[in-house]
Amino acid sequence: MFKKTTKLLVASALVTTLSSAAFAADKVYKWKLATTWGSTLSPFIDAPTNMAKLAEEMSDGRLQIRVDAANKHKAPLGILDMVKGGQYEMGHSASYYWKGKDIETLPFTTMPFGMTAPEQYAWFYYGGGLELMQKAYSKHKVLSFPGGNSGNQMGGWFRKEINSLDDLKGLKMRIPGFAGEVLAKLGVTVTNIAPGELYTSLERGTIDALEWVSPSMDIKMGFHKIAPYYYTGWHEPATELQFLVNERKFSKLPKDLQKILITAMRVAAYDMYVENYHMNAEAWAQIATDYPNVKIKTLPENVIKAMKKANDELLVDMAKESPLLKEVLESQKAYMKKAREWTKMADYKYLEDNL
Ligand code: PYR
């Protein structure tokens, strides 16, 4: 009798364990992601959209992520707050947009005169950058992952030519991130404006100049119709977007779905970088054929020199703000020094010899 009861108990415990395992494997997680980008803002919007599609396919429908574009949630620059607060499980944006709230998150997008995209990706994945980014976001109980890179950006659209440092004084320009700090030090009135309002702000004269991305995304915005001077880049050599994930929600996902999510983010990020390169090549060719009035310019040497000096001074100040910032800036500097020697030998020398 005792034996029979024990057997029954064991059998029923087994059934319970198996059915709860089956239940866990069947459970569908329905998440939401808020992004800074409008629903047609390719290729930025493609990174979260493709990531969600991949995650759903790889999980056989167990992880479903709805992507809400800025037109839906109406808070394009409030992504960190919404993920931190748990209204959204995930976000997709650019870390430097919340430099006013948490300066420690600024360096993970891009830095003026800093690393190029391949250098920065190497730093993120193999040079300790990803760990430092998680450290910076841990106080918000948010995880952060690379979310796609624009590569080297153009310096922006100006209504008037910049011939001297005096031309910068009093200029009103939309430019986010550390580059905004550099220009502010040289007398520019700097502001950040969400992508959806850029054209109107320039058209109405709220700003005199702006930088957005590069031909891939700029031409469709129509800036060339109202600001003919298109400057070459110095300020954003490798703009990395970020996926943000609410840490508590992530910890509740089964291990396999966590792995699927991380893989989907990494694949989608890489794909956006490549897609943007392709779109740039097409749009750059289009400028030559369709928009001959666009005037491609480079800032005068003395202006670039002054920007570099301001940048170096501001980096010294920034490193004093917190031990973590000091660690991040030192890590970026050391990594760039090492990687740049190879970039010069590989890409630069190749182009020099074969152009
Ligand atoms: C910008 O806001 O300017 C970006 O490049 C993301």
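Start at 1 and go down the list; that is how both ligands and their atoms are numbered. Predicted model, so just to flag it, every value in this text is computed and none were measured.
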Selection residues 111-122 - residue pairs positive for salt bridge (Lys or Arg N to Asp or Glu O under 4.0 Å), sequence neighbours left out
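Residue pairs with at least one partner in residues 111-122: Glu119-Arg340.
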Distance-only polar pair, side chains of Ser214 and Gln153, donor-acceptor under 3.5 Å:
no
Does a side chain donor of either Thr239 or Thr109 reach within less than 3.5 Å of an acceptor in the other side chain?
no
Protein residues having a heavy atom less than 4.0 Å from any atom of ligand 1:
Phe44, Tyr96, Tyr97, Gln153, Arg174, Pro176, Glu211, Trp212, Val213, Glu236, Thr239
Output field: ring centroids Trp157/Tyr229 closer than 6.0 Å
no
Applied to residues 68-90, the side chain to side chain donor-acceptor pair (under 3.5 Å) test, sequence neighbours excluded, yields Ser39-Asn71, Arg66-Asp68, Asp68-Tyr88, Asp81-Lys101, Lys84-His140
Residue pairs involving residues 170-214 (criterion ring-ring contact (aromatic ring centres under 6.0 Å, His included); sequence neighbours excluded)
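Sorted result for residues 170-214: Phe44-Trp212.
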